[in-house]
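To start, the structure under review is shown below, and the notes come after it.
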Amino acid sequence: IDTETNGFDVVVNYQRGLGSLGRLDLSAAYSHNETDIVGDVATPPQLAGLGEVLFDLIERRRIECGQPHDNVRLMESWNHGNLNVTARQNQYGDYCSFTIAPADHQVYGAKWLADLEGSYKWSKYVFAAGIENVFDVFPDENIPNSAQGFSGIFRYPSHSPFGMNGRFVYTRVTYTF
């Protein structure tokens, strides 16, 4: 297949010293990209004779709308000595289902997610704790009786750009040698 991708990215970073209160780092990024299939995709005669299609509507939707066209990333980080607190917000734009039947076509809405992490550096160790997806955001649910919902068995789209597991809490210890 031949594809054509057009888009742009914008990134802005800002750093501000806060004197005895440490340093504040801010970052913002926006990305917009669209991929289109250019021309026809022909099924080789050997497969067409068997009634097979090499590149069907599912694959076309996977490439053209299966991932968000728009993404926003924001990050705020405060550093004071050995202490760091970082907050991130991510917006994933809307995306579509991978389906053949138009009755099963679905567009999943854009979602914002927020992450938070605190860390402390001590000697060669960094101790951190954080929460990914602080507000426990889930993708839109599949249409229950659609092909992607498989009669209600699959509640969420398997190809969600941020997964379907909700909030994640973690701790981490890093040693640098």
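As the structure is a prediction and not an experimental result, all values here were calculated from the model.
Using a 4.5 Å heavy-atom threshold, the side chains of Ile37 and Ile63 count as touching. A heavy-atom distance below 4.5 Å is not found between the side chains of Arg62 and His159. For the pair Ile100 and Asp56, the minimum side-chain heavy-atom distance is below 4.5 Å. Contact of the Asn84 side chain with the Ser77 side chain is registered, since non-hydrogen atoms from C-beta on lie closer than 4.5 Å.
Here the straight-line distance linking atom CG of Asp36 with atom OG1 of Thr5 works out to 8.0 Å at 0.5 Å rounding. The structure places NZ of Lys111 at 11.0 Å from CG of Asn133, a figure rounded to the nearest 0.5 Å. In this structure, the separation between CG on Leu21 and CG on Asn79 is 13.0 Å, given to the nearest 0.5 Å. Here Trp78 contributes atom CH2 and Leu26 contributes atom CG; the two are 14.0 Å apart, rounded to the nearest 0.5 Å. Atom CG of residue Asp115 and atom OG1 of residue Thr86 lie 10.5 Å apart, to the nearest 0.5 angstrom. Separating the OG1 atom in Thr99 from the CG atom in Leu57 is a distance of 6.5 Å, to the nearest 0.5 Å.
In this structure, the ring of Tyr30 has its center less than 6.0 angstrom from the ring center of Phe8.
Heavy-atom minimum distance, Asp9 versus His32: OD1-N, 4.4 Å. Closest approach of Ser119 and Ala128 over heavy atoms only: CB-CB, 3.8 Å. Heavy atoms only, all atoms of each residue included: Pro68 and Tyr95 are closest at N-CB, 3.9 Å. In terms of heavy-atom proximity, Val38 sits nearest to Glu4 at CG2-CB, 3.6 Å.
With hydrogens and angles left out, the side-chain atoms of Asn142 and Tyr108 include a donor and acceptor closer than 3.5 Å. For the residue pair Tyr156 / Asp140, no side-chain donor-acceptor distance below 3.5 Å is found, with atom types taken as modelled. No hydrogens or angles considered: nothing links the side chains of His80 and Arg23 as a donor-acceptor pair under 3.5 Å. Under 3.5 Å, the side chains of Thr35 and Asn33 contain no donor-acceptor pair of N or O atoms.
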Quiz: residues 164-177 side-chain donor-acceptor pairs under 3.5 angstrom, not counting sequence neighbours:
from	atom 1	to	atom 2	distance (Å)
Arg167	NE	Val134	O	2.9
Arg167	NH2	Val134	O	3.1
Tyr170	OH	Glu117	OE1	2.4
Arg172	NH1	Glu117	OE1	3.4
Arg172	NH2	Glu117	OE1	3.2
Arg172	NH2	Glu117	OE2	3.1

Would you mind writing out the side-chain donor-acceptor pairs for residues 11-19 within the sub-3.5 Å range, not counting sequence neighbours?
from	atom 1	to	atom 2	distance (Å)
Asn13	OD1	Ser27	OG	2.8
Gln15	NE2	Asp25	OD1	3.3

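The aromatic rings of Tyr92 and Phe162 lie tilted to each other, with the angle between the two planes from 30° to 60°.
Under a cut-off of 6.0 angstrom, the local environment of CZ in Phe127 is crowded, with over 12 non-hydrogen atoms contributed by other residues, nucleotides or ligands. The number of heavy atoms from other shown groups lying within 6.0 Å of CG (Asp40) does not exceed 12.
By the 6.0 Å and 45° rule, Arg61 does not stack over the aromatic ring of Phe98.
A donor-acceptor pair under 3.5 Å links the side-chain atoms of Ser97 to the main chain of Gln106, judged by distance alone.
Neither Val137 nor Val72 shares a network with the other; the hydrophobic side chains, linked directly or stepwise wherever heavy atoms of I, L, V, M, F, W or Y lie under 4.5 Å apart, form separate groups for each. Residues Leu116 and Leu24 share a single hydrophobic cluster, defined by chaining ILVMFWY side chains whose heavy atoms lie under 4.5 Å apart. Linking ILVMFWY side-chain heavy atoms closer than 4.5 Å, directly or via other members, places Phe138 and Trp112 in two distinct hydrophobic clusters.
Residues that satisfy the side-chain hydrogen bond (donor to acceptor under 3.5 Å, both in side chains) test with Asn82, not counting sequence neighbours, are absent from this structure. In this structure, His69 has no side-chain hydrogen bond (donor to acceptor under 3.5 Å, both in side chains) partners at least two apart in sequence or on a different chain. Applying the side-chain hydrogen bond (donor to acceptor under 3.5 Å, both in side chains) rule to Glu141 yields the partners Arg155; only residues at least two apart in sequence or on another chain are considered. With sequence neighbours left out, Phe55 forms a ring-ring contact (aromatic ring centres under 6.0 Å, His included) with no residue at all.
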